[in-house]
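Before any comments, here is the structure.
The structure displayed is predicted, hence computed values, not measured ones.
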Amino acid sequence: MNGELRRADGSQLRVLVVDDETALAELVSMALRYEGWAVRCAADGVSAVREAKQFRPDAVVLDIMLPDMDMDGLEVLRRVRLEQPEVPVLFLTAKDAVEDRIAGLTVGGDDYVTKPFSVEELVLRVRSLLRRSNSVASATSSQLVVGELTLDEDSREVRRGGTEIQLTATEFELLRYLMRNPRRVLSKAQILDRVWEYDFGGQANIVELYISYLRKKIDAGREPMIHTMRGAGYVLRPTG
């Protein structure tokens with residue numbers, strides 16, 4: 001993962017999930033949060049429209065079949081688009097008929113997946129919609145952002161909360177690899193392969209050494225962002 005997708009201002013992207021199947025909504029929400037995005041859920045049309053107004057999502061995952069008699073997914077879409085004409089919408093539908101798909105896309109839906117679906121596929125579809133929307137930071141940006149931590153790959157400047165942090169070349173490469181994979185546990189072997197580009201064999205403790213260097217500069221006196229997962233490796237997570 002080449003860093004998180006984020007809003008142009010560096011803040012988290014927001015996704016609204018609308019589905020009356022609680023277990024499914026929670027599963028989808030968990031997968032989307034793992035991508036680093038803020039997620040809210042709604043189980044019916046009325047609450048979906050209300051959440052959309054308050055939350056101002058950057059994308060909506062919307063079940064066409066909702067329990068409201070007078071507000072199905074298509075009506076929710078119409079009302080959300082009154083407030084946010086450009087917000088991309090991914091429809092969830094149990095219907096596989098061609099005319100149902102066409103109806104959803106005709107009223108303004110951007111894409112759809114048919115239940116049952118792969119969560120991985122849904123995340124990829126949402127990611128694709130977000131990339132095409134105007135809300136996402138430019139893909140050509142040289143800046144990686146994880147929470148309050150920023151790294152500019154061109155100028156090689158690193159800042160946390162606006163404070164510049166001086167890193168050696170190896171520390172910089174290690175942090176860049178962590179920031180390109182936020183919330184992902186990276187093993188010592190993976191880090192050795194990507195940062196040092198060859199196998200140190202029994203010298204894996206060099207990773208521990210450089211992680212400790214980074215912690216002293218990134219986490220000193222602050223809430224930790226670099227975490228050790230015993231027996232698994234290391235993970236970089238935004239605070240809060």
Side-chain angles (χ1 to χ4, degrees), residues 1-139 183:
M1 194 182 338
N2 192 16
E4 298 177 357
L5 287 184
R6 302 187 73 82
R7 285 181 158 182
D9 64 1
S11 62
Q12 281 183 305
L13 286 164
R14 301 175 181 182
V15 183
L16 175 62
V17 177
V18 185
D19 198 304
D20 61 322
E21 296 180 50
T22 304
L24 179 62
E26 289 179 352
L27 181 64
V28 169
S29 297
M30 188 185 311
L32 296 175
R33 288 191 180 102
Y34 185 77
E35 293 295 308
W37 306 331
V39 182
R40 284 193 191 176
C41 295
D44 57 67
V46 173
S47 58
V49 173
R50 183 177 63 247
E51 286 287 356
K53 286 183 178 180
Q54 295 174 352
F55 190 46
R56 306 295 294 180
D58 299 294
V60 180
V61 177
L62 177 60
D63 188 4
I64 289 183
M65 300 297 292
L66 293 173
D68 312 53
M69 293 297 293
D70 58 348
M71 199 185 299
D72 62 6
L74 300 183
E75 180 60 24
V76 169
L77 174 64
R78 291 188 188 97
R79 297 194 185 193
V80 169
R81 282 277 168 79
L82 290 175
E83 296 280 334
Q84 292 181 265
E86 303 300 325
V87 66
V89 174
L90 174 72
F91 276 122
L92 305 181
T93 175
K95 297 180 178 181
D96 201 26
V98 174
E99 57 268 25
D100 292 319
R101 299 178 187 176
I102 292 174
L105 298 178
T106 299
V107 298
D110 299 280
D111 200 356
Y112 66 89
V113 292
T114 304
K115 296 179 181 180
F117 55 81
S118 154
V119 174
E120 290 81 5
E121 179 191 2
L122 182 143
V123 170
L124 287 174
R125 297 283 190 93
V126 174
R127 177 176 282 271
S128 177
L129 290 178
L130 286 167
R131 282 192 186 281
R132 299 202 306 259
S133 74
N134 293 325
S135 59
V136 178
S138 170
R183 294 183 174 81

Which residue is it: Val61, Asp110, Leu90? I am looking for the one with a side chain to side chain contact (heavy atoms under 4.5 Å, CB included) to Arg125.
Leu90
Out of curiosity, Lys53 NZ to Arg79 CZ, how far, rounded to the nearest 0.5 Å?
8.5 Å
Note, Leu92 side chain near Val113 side chain (heavy atom, < 4.5 Å)
yes
Thr22 OG1 to Asp20 CG distance, which is reported to the nearest 0.5 Å
7.5 Å
Please confirm whether the backbone N or O of Leu66 pairs with a side-chain atom of Asp63, one donor and one acceptor, at under 3.5 Å?
no
At their closest point, which heavy atom of Leu62 faces which heavy atom of Gly73, and how far apart are they?
CD2-O, 3.2 Å
Spacing of CD belonging to Glu26 relative to CZ belonging to Arg33, to within rounding of 0.5 Å:
9.0 Å
Is the shortest heavy-atom distance from the side chain of Val28 to the side chain of Asp19 under 4.5 Å?
no
Pro57 backbone acceptor or donor facing Gln84 side chain under 3.5 Å
yes
Those residues that, when tested against Val119, pass side chain to side chain contact (heavy atoms under 4.5 Å, CB included) (two or more places apart)
Leu27, Ala31, Val123
Can Glu75 and Asp68 be said to form a side chain to side chain contact (heavy atoms under 4.5 Å, CB included), step by step?
CA-CA 10 Å; Glu75 180 60 24; Asp68 312 53; over 6 Å; no
So do the side chains of Leu130 and Glu35 get within less than 4.5 Å of each other, counting heavy atoms only?
no
Closest heavy-atom pair and its distance - Trp37, Gln12:
C-NE2, 4.0 Å
Given side chains that start at C-beta, do those of Val89 and Arg81 come closer than 4.5 Å, heavy atoms only?
yes
CD/Glu21 to NZ/Lys115 distance, rounded to the nearest 0.5 angstrom?
4.0 Å
Determine whether Val60 and Phe55 make a side-chain contact, defined as any pair of heavy atoms from C-beta on separated by less than 4.5 Å.
no
Interatomic distance, Leu16 atom CG to Arg56 atom CZ [nearest 0.5 angstrom]:
12.0 Å
Sub-3.5 Å donor-acceptor pair from the side chain of Asp58 to the main-chain atoms of Arg14, do we have one?
yes
Validation row: Tyr112, Ile64 side chains within 4.5 angstrom (heavy atoms):
no
Do Val46 and Arg50 have side chains that get closer than 4.5 Å, going by heavy atoms?
yes
